[in-house]
Amino acid sequence: MIPYAAQEITEEDIQSVEAVLRSPLITQGNVVPRFEAELCNYTGAKYATVVNSATSALHLACLALDLTAGDWLWTSPVSFVASANCSQYCGAKIDFVDIDPLTYNLSISALEAKLQQARVENKLPKIVVAVHLAGQSCDMQAIHELSQQYGFKILEDAAHAIGGRYQHSPIGQCQYSDICVFSFHPVKNMTTGEGGAALTNQARLAKKMALLRSHGINREECSHSKLERAPWYYEQTALGFNYRMTDFQAALGISQLHRLDKYITVRQTLADKYQQSLKHLPLTLPHIETHCYCAFHLYIVLINTDQGLNHLSIFNALRQMGIAVNVHYIPIYKQPYYQKLGFPSDYCPNAETYYQQAITLPLYPLLTVEKQAYIIQSITSLLQTEACT
Ligand SMILES: *Cc1c(COP(=O)(O)O)cnc(C)c1O
């Protein structure tokens, strides 16, 4: 099977991890802070808090932004469930903003219409989670303008998007957001095994996330002065978690980060090849906005079902040909957990249309030209025969 995504682990990666494993501190040494400094350097953000997953990073981000019971969090329905689940950890309420039919990211016009309505009903969101689907940034400037008008915080779910750019700035710089979250799961653009990070330019938010990442315990700032307190003394001042990343994972992260730009270039080249080779088929190919440099975590095509093509049978046929296509994503409100919260199963019309047609083709740095040619040839012959039947 050709997977839809896969990591690359090099000899240097293994050596970096090994060096930490052979050192006295395999966690809570100086490698996590070094990884954080490198992430700041790469993105241009002032602060980075590295954690054990993007899910944890989203949770900490919501807590840092004071999301509590009674508050609303809005996000896109076309995302991984974690983008919405962070609201539920905080006891907040969740709602979904339909997607843009061109980019499949949260629709700015749908967001604006929903905000106008919410203002009338006094139900404005505290946080909007902007998901950069497939590695293409949302229209952050427009979301930022709306945030000024309606007073919400912006959390970027950039789990797909590290290495991408928006208006020439690296995603993660937080120019138009409060916090930006990355994932380092092996299917993503770079990996630490499990792992994530939350970037921000606001010292207060960074401090709060760092505190909550490690039990709410602070060793530096205590109510007693250093002179008064015993050498073993520390204080827990908030209810935190153990969301820490280990130092050997951070070593892998540093090593991978050094290859990230190369990876994105390969992803771009493979995406270009798909774009050129598939454009004559009854498919809708990715649309990339001019101000975006897409990290191409995913290459998503829409099967033009209005031309008599069947989504499920094409999906199954490709799997049978040894191509592990996937669907990103089942609209979150369709999940049984969210259905129980009362969302109709066809809540967002554009997300519904998208979901009936979307297929993710394999795309990752180690995908060979030969394998990609096989994928292209398989889809081409399949769609030509399907269209005739
Ligand atoms: C993968 C993913 C996450 C969660 O990342 P983890 O590091 O696995 O917790 C969150 N949001 C999106 C959009 C993702 O694709």
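Whatever order the structure lists ligands and atoms in, that order sets their numbers, starting from 1.
Ligand 1 is approached by G195 to a heavy-atom distance shorter than 4.0 Å. Ligand 1 lies nowhere less than 4.0 angstrom from a heavy atom belonging to F182. Ligand 1 lies within reach of K188, whose nearest heavy atom is under 4.0 Å from it. Distances shorter than 4.0 angstrom do not occur between any heavy atom of G196 and any atom of ligand 1.
In A82, the part holding a heavy atom less than 4.0 Å from any atom of ligand 1 is the side chain.
Among C86, S79, A54, the residue whose heavy atom sits closest to atom 13 (C) of ligand 1 is S79.
In this structure, the protein non-hydrogen atom closest to atom 11 (N) of ligand 1 is D157 OD2, 2.7 Å. Regarding atom 9 (O) of ligand 1, its nearest protein heavy-atom neighbour is T55 OG1, 2.5 Å. Nearest non-hydrogen protein atom to atom 15 (O) of ligand 1 is H160 NE2, 2.7 Å.
A donor and an acceptor atom, one from each side chain of D139 and Y166, are located under 3.5 Å apart. Side chains of N316 and S313: no donor on one and acceptor on the other come within 3.5 Å.
For S214 against R244, the heavy-atom pair with the smallest separation is OG-NH1, 2.8 Å.
Of the residues L39, T200, L199, the one that meets the side chain to side chain contact (heavy atoms under 4.5 Å, CB included) test with Y47 is T200. Tested against H328 for a ring pair (Phe, Tyr, Trp, His ring centres under 6.0 Å), the candidates Y355, F80, Y4 yield a single pass: Y4.
Every atom of ligand 1 is numbered from 1 in the order shown, and the set under 4.0 Å from a heavy atom of S183 is 5 (O), 6 (P), 7 (O). Taking a cut-off of under 4.0 Å to the non-hydrogen atoms of Y329, the atoms of ligand 1 that pass are 15 (O).
Residue K273 places its NZ atom among 12 or fewer non-hydrogen atoms of other residues, nucleotides or ligands, all under 6.0 Å distant. Annotation for Y233: atom OH counts as buried by contact number, over 12 foreign heavy atoms lying within 6.0 Å. Taking a 6.0 Å sphere around CG of L260, one finds it holds more than 12 heavy atoms contributed by other residues, nucleotides or ligands.
Any N or O atom pair closer than 3.5 Å counts here, and E194 shares no such pair with ligand 1.
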